[in-house]
Amino acid sequence: MTVAIARFLGSNCDRDCLHIFQEILKEICLFVWHDEFELPADVTAVVIPGGFSYGDYLRCGAIAAHRPLMSAVKQFVDQGGPVMGICNGFQILCEAKILPGVLLPNRHGRFVCNLQEISVSQGGVGIFKNYNDNEKIKLPVAHHDGNYYADTATLDCLEKNNQIALRYTSTDEQGHAHVNGSSRGIAGIFGGPKNNVLGLMPHPERRSEHRLGGDDGLRMLRGLVHR
Amino acid sequence: MRDLDITNSDHALQMGLKKTEFERIVQLLQRAPNKLELGIFAAMWSEHCSYKSSRIHLKKLPKSGSTVLVGPGENAGVIDVGDNLAVAFKVESHNHPSFIEPFQGAATGVGGILRDVFTMGARPFATMNLLRFGAKNHFKTRHLLSGVVSGISGYGNCFGVCNVVSDVAFDPSYNGNILVNAFAIGVVPHDKIFLGTAEGVGNPVFYVGAKTGKDGIHGATMASDEFSESKEAARPTVQVGDPFKEKLLLEACLECFSKNILIGIQDMGAAGLTSSSFEMADRGQSGLLLHLDRVPLREKNMTPYEIMLSESQERMLLVVKKGEEQVLIDIFSRWDLDVVEIGSVTDDGMVRLFWHGEEYTALSPEMLTKEAPIYDRFYEAPERAASSAADFHLDNFSYEDLLLKLVRHPDLSNQNWITEQYDRHIGLGTLQHQHQADAALVQIPGSSKAVALQIGCDSRLCGIDPREGVKRILARMVLQIACVGARPIGLSDCLNYGSPEDAVCMWQLVSGIEGLAEAADSFQIPVVSGNVSLYNQTDHKPIDPTPTIALVGLQEKPMQTATLFFKNEGDLIVYVGSFAHQFSGAELLFEGQVKPRYLSNTWDLNRVTSLSQLIVEQVRIGTILAAAHVGKGGLLYTIFKMAHAGKKGAHVQLDISMSEHLTSLFFSEDAFGAVISVPREKLGIIEKAFLNIAAVHVLGTVSSQELSCQLGRKNLLQLPMDIISHHYDSGLCEVVNGRIDS
Amino acid sequence: MSRFVQVVVTLKNAVLDPQGDATVHALSALGFDNIESARVGKVIHLAFKNELEPGQLKEQAALMAQKLLCNSVMENFQIQVVEDKAGVP
Amino acid sequence: MSRFVQVVVTLKNAVLDPQGDATVHALSALGFDNIESARVGKVIHLAFKNELEPGQLKEQAALMAQKLLCNSVMENFQIQVVEDKAGVP
Ligand SMILES: Nc1ncnc2c1ncn2[C@@H]1O[C@H](COP(=O)(O)OP(=O)(O)O)[C@@H](O)[C@H]1O
Ligand SMILES: [Mg+2]
């Protein structure tokens, strides 16, 4: 297995992801630079890490979405290759239209960093094969723009096709997540031809070692490389 | 007035120089300076850059130690942590800019301290900050608080470094002068430590990073003067931080360090290109030739004067090994940054500024650094008023009322609204942040060890007694890091005071430095870096003395630590430390608006040392499950915090013999010690270990759902944890959302 | 002929605008209680390198808006040619 | 008579606009290499509760801009009365 970690100008969780895949999961791991037009041939999974690509200027992920590397990622996705976009990576996937919808600023307008209880909606299969269905896990979030938005038709469609991957368990009466206002409590969604793309706001790499409080996230990262 | 026009003492005055200082310049140059030269002198001789009022006193601080690799004088201090690794750290103020524009002021403060650390060759891996705002109901406080916090969060989070401690307090003395002190720490291999020096004749000098604009011209002079209503109008263009650019700058610089192509590096901080070029030449005992017309500009038609004094952010000056230019250019271009050769190192001891091929002006760096004025300013203690502490009675309040008042105090209440805005986990090193333990514990990248970090100050104590106050601050912090099993290895300080031209403020500063020197000596902690911020006053009203201390400890076995929270019902709650029967600095007194004038006792720092060493031992062998020092808020508040963090309760059972001093036992801040929780069967170990060193008092047991206290059979206090927690959660929110009294 | 274009990017009506709501709140706290609603958007002032006919300017700016400046999932845009750089009419 | 005002808030000229610079960069990477500079600001659409004379609307909005919407340390503002809510001219 060879995991490619995308590196845009301003990515800042790239080294954290490298650490977990290399030191904890013992996978071969390499960085790919934003101006590459192709992924190395041996790549079997792609991670788009968190950060503030291009300063989050204009809209989070908007500028990164147009870098050459993203067209290579798009191709990889279309061939069914597994891709995970974490936090800013999720925003980039949405802006690149690889995933539907968009991430708006948190409803309270502030950056939020804390631990969230999250329910794994599609446990037992694919990237989530190491979780039980509807298992509740804890993952840290750290974002300013994590408020998932799509029009009602798109949301219904996501629901119908089992594409809602993760939900915050703490929501208001309208179903908006307390932490950021996300529609229907959405913390992550699947996409791509075989639900082979996962975009999520929480940071699984930050909960992948016992010294950091648990390994709820590790099972997801392992699921990406060994589906 | 044009750059080369000759100036007089009135011009000097406008730039913040005294008449005598102007005369000294004329004497040094043997002629009157032109505007450009005067601007350079004004910046370099400002209080901010020259330390002219504090320099002779700063010498008193202990700076050396076997582990000190780089002490004060460089961009950050560096301490050996073994395994060929070292940590570089510093705390710095950005008070004045943050008052004018809280978001950008605080953001650029974070940017500056990060650059100070990574110019040493170190990759920053944690930050902290200390913030002081005016009264909670002052009409500016809310706006300043939210601006500063989002500025720090916006910059640090984007740059990609965790923030693990934020120490925030509100007091009317900061109504017109808020404080923003930012700390950063980085890790560097011993053989990759870089210094800000210009050496080797013929080596090229490069300008890298952002373009130069007209921002913050004369910022250093502004930071060396007090505010007044009239001066608010004439402020310089606000400096805007670009954390994205800084992140690129970090990665590019680290790549250069690893390739060994640099001789020296310095960031263009206060006084921009002026201080960086003159200081580098001075340290290298060399000269420099700079072509100012090659500096990348953001605006057309900037003059050499503006270029030399601009404080645009995210810029660096590098001296590169001759022949390695292309390697450097390739690295910076790859990171999308401007990189321009603007000059070279010479050996004639002069910094020569060229403009379109012609020498514009030349000055000797020595004139600006070593010849800078040094003042031994007059200082005098104020007259002491009689203490009013003794008259203070708390009899009108129940213990319940008092506790609820305390936990609702904005300084002591739940700080989540602030700390959740900081990324606390990036870098995968945060083992414990400030809400999880009495000090933050962050693993050093590339090592199995961790640093314990704490930043703090108690301006109330220092307002009462500036000397004893600072000793207590450091003593408390030593106990705090002991609670996570760490021993101190070094500190950085940021001395925030009023005008040195005021005899009382100057006395506070001198006493603060001497107190810090005494305490640091006693604990054997080297002071390796720091900052002095004076003139924190508006219309002659100075702030309370605020010597911020950032303490760094080392924890070789980070898994052998103690957290803040009570673990199991039935565990014993034990106090180890001294007792006080007074109230001199307590939070409660100030809520009652009574300001005592002196502290009732002096702490024996040797006993603090012994106590902290014992705590470290017992934490590491696992006897102690939870630990927190007793500081602001006192004993009962500490017990509440530990119970709250563990989602438990506490039952305190006091012996009837304690009945005389209950109020001071619960609420005084005049004693040093810690609350620990231990399994019942291990009490004997603790008692034996602390014998002859500190009193060991079993206060009660960990329970659930309520906090209760009994004296013999008498109920002193009984409150459901939910209710206390509700008050605890409300305090800061009241400031954030509260009504504004204007 | 001009070089300057103003692109105004606003949230679609269906999208909640917490920042706008917060503005109404803050205004009313300051005593301005005659505001029914506020919506906050972005304005981008573009300076082209060369002067162009208004039609061409608009056309090019619209392309830029579609590709980058605006995300049609949540935003609309409007374009206006302006006389000078600081160019708010 | 109208109820709608558009307030455009822009950075002062000398103030750095990292967002604008990043936009120019990104546009040029997309092949739009005829942009010299971009500055990004805010636009606020206010709907008043009652209809007012244009002069009055402007005056009130200016007060709001001075007090809240615009940070005078680094921003300028311009006000325009518009016909309807979505009201970008
Ligand atoms: N209070 C202090 N304690 C220890 N060192 C100090 C103190 N104040 C300044 N220094 C040291 O003096 C040197 C000059 O500091 P400073 O001028 O603030 O640096 P900068 O160029 O970042 O503004 C630095 O090495 C700093 O660490
Ligand atoms: Mg510096």
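Below, chains carry the letters A, B, ... as their sequence lines are ordered, and counting in each starts from 1.
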Pairs of heavy atoms under 4.5 Å with chain C: top-ranked of M64(D), Q60(D), K42(D):
M64(D)
Tell me, side chain or backbone of L69(C) under 4.5 Å from chain D's heavy atoms, or both, or neither?
side chain
Output all residues satisfying side-chain hydrogen bond (donor to acceptor under 3.5 Å, both in side chains) with Q19(C), sequence neighbours left out; order by chain, then residue number.
none
Contacts of N71(D) that satisfy side-chain hydrogen bond (donor to acceptor under 3.5 Å, both in side chains) - sequence neighbours left out:
E101(B)
Determine which residues belonging to residues 21-32 of chain D lie within contact range of chain C, meaning some heavy atom pair is under 4.5 Å apart, and list them by number or answer 'none'.
T23(D), A26(D), L27(D), L30(D), F32(D)
Considering non-hydrogen atoms only, spot the tightest contact between S2(D) and L57(D) and give its length.
O-CD1, 3.4 Å
Candidate list D17(D), L11(D), T10(D), test side chain to side chain contact (heavy atoms under 4.5 Å, CB included), partner V40(D), passing option:
D17(D)
In short, side chain to side chain donor-acceptor pair (under 3.5 Å) pairs touching residues 49-58 of chain D with sequence neighbours left out are none
Tell me whether R39(D) contacts the main-chain N or O of K12(D) through its side chain, where contact means a donor paired with an acceptor under 3.5 Å.
yes
Is there a side-chain contact between V8(D) and F77(D) (heavy atoms, below 4.5 Å)?
no
Under 4.5 Å, counting heavy-atom pairs only, tell me which of V7(C), N34(C), L46(C) racks up the most with chain D.
N34(C)
